[in-house]
Amino acid sequence: MKSRPFGVTVLAVLAGLAAVMAGVHALQALGIFPYVFGPFSVHATNFWSFLMWALMVWVYVWLVQMLWRVDKQAWLFLAVITVFNLILDFTYMLGSVTWSDVSVSFILNAIILIYVMLPGVKQSFDVD
């Protein structure tokens, strides 16, 4: 078993934060937390959206476990999921969503992607 470098621990913590954000989005889809648009807040229920965000919570929790064990596949899977989330945030911004609605998610995913691509982190996972 490999020792866990500091960079991998940081990635696990960032993926945990992404899981918490996905959980907040899931609770928003159930109408428990309101959607906030500037000075307005709206409670809306969408069960399909809840299922998708709940699935993302499960994926991120699974990914945190893989990162904690320094599993080689975790590096690739985290990179793919992060790029997917960045694409979704970008397409949301092309629609009727404003920057303030997706800024935290976009910035967090951008930080994760940049950090995943650092040479020291790639070396920790034996990725060339």
ask   = Quick one: ring pair (Phe, Tyr, Trp, His ring centres under 6.0 Å) partners of Phe6, sequence neighbours excluded?
value = none

inquiry  = Do Ile32 and Val20 land in one hydrophobic cluster if side-chain heavy atoms of ILVMFWY residues count as linked below 4.5 Å?
reply    = no

query = Do the ring planes of Phe47 and Phe50 sit parallel (below 30°), tilted (30 to 60°) or perpendicular (above 60°)?
reply = tilted

remark   = The side chain to side chain contact (heavy atoms under 4.5 Å, CB included) partners of Val57 (sequence neighbours excluded) come to Ala22, Val61

task = Apply side-chain contact (heavy atoms from CB on, under 4.5 Å) to the pair Leu78 and Met66, showing each step before the final yes or no.
result = CA-CA 10 Å; Leu78 182 61; Met66 288 176 63; over 6 Å; no

task = Provide the closest heavy-atom pair for Ile81 versus Met56 in the form atom of the first, atom of the second, distance.
result = CG2-CE, 3.9 Å

key: Within one Ile-Leu-Val-Met-Phe-Trp-Tyr cluster: Leu14 and Trp62, side-chain cutoff 4.5 Å   = yes

ask   = Cluster question for you: counting only ILVMFWY and a side-chain heavy-atom cut-off of under 4.5 Å, with indirect links fine, are Val64 and Val80 together?
value = no

ask   = Val116 and Val13: same hydrophobic cluster, using ILVMFWY side-chain contacts below 4.5 Å?
value = no

query = Do Phe125 and Leu67 have side-chain heavy atoms sitting under 4.5 Å apart?
reply = yes

key: Heavy-atom pair of closest approach, residues Val70 and Ser124   = CG1-O, 3.7 Å

Trp68 side chain reached by Thr9 side chain, heavy atoms, under 4.5 Å = yes

request  = Any pair with a residue in residues 78-88 that passes side chain to side chain donor-acceptor pair (under 3.5 Å), sequence neighbours left out, goes on the list, sorted by first then second residue, please.
outcome  = Tyr60-Asn85

Acceptor/donor pairs from residues 107-115 side chains to any protein atom, 3.5 angstrom cut, sequence neighbours excluded:
from, atom 1, to, atom 2, distance (Å)
Asn109, ND2, Ser105, O, 2.9
Asn109, ND2, Ser105, OG, 3.4

query = Can you name the residues that form a side chain to side chain contact (heavy atoms under 4.5 Å, CB included) with Lys122, not counting sequence neighbours?
reply = Trp75, Val127

ask   = Does Leu63 belong to the same Ile/Leu/Val/Met/Phe/Trp/Tyr cluster as Leu76, with side-chain heavy atoms less than 4.5 Å apart forming each link?
value = yes

remark   = Taken in chain and number order and not counting sequence neighbours, the residues that satisfy ring pair (Phe, Tyr, Trp, His ring centres under 6.0 Å) with Phe84 are none

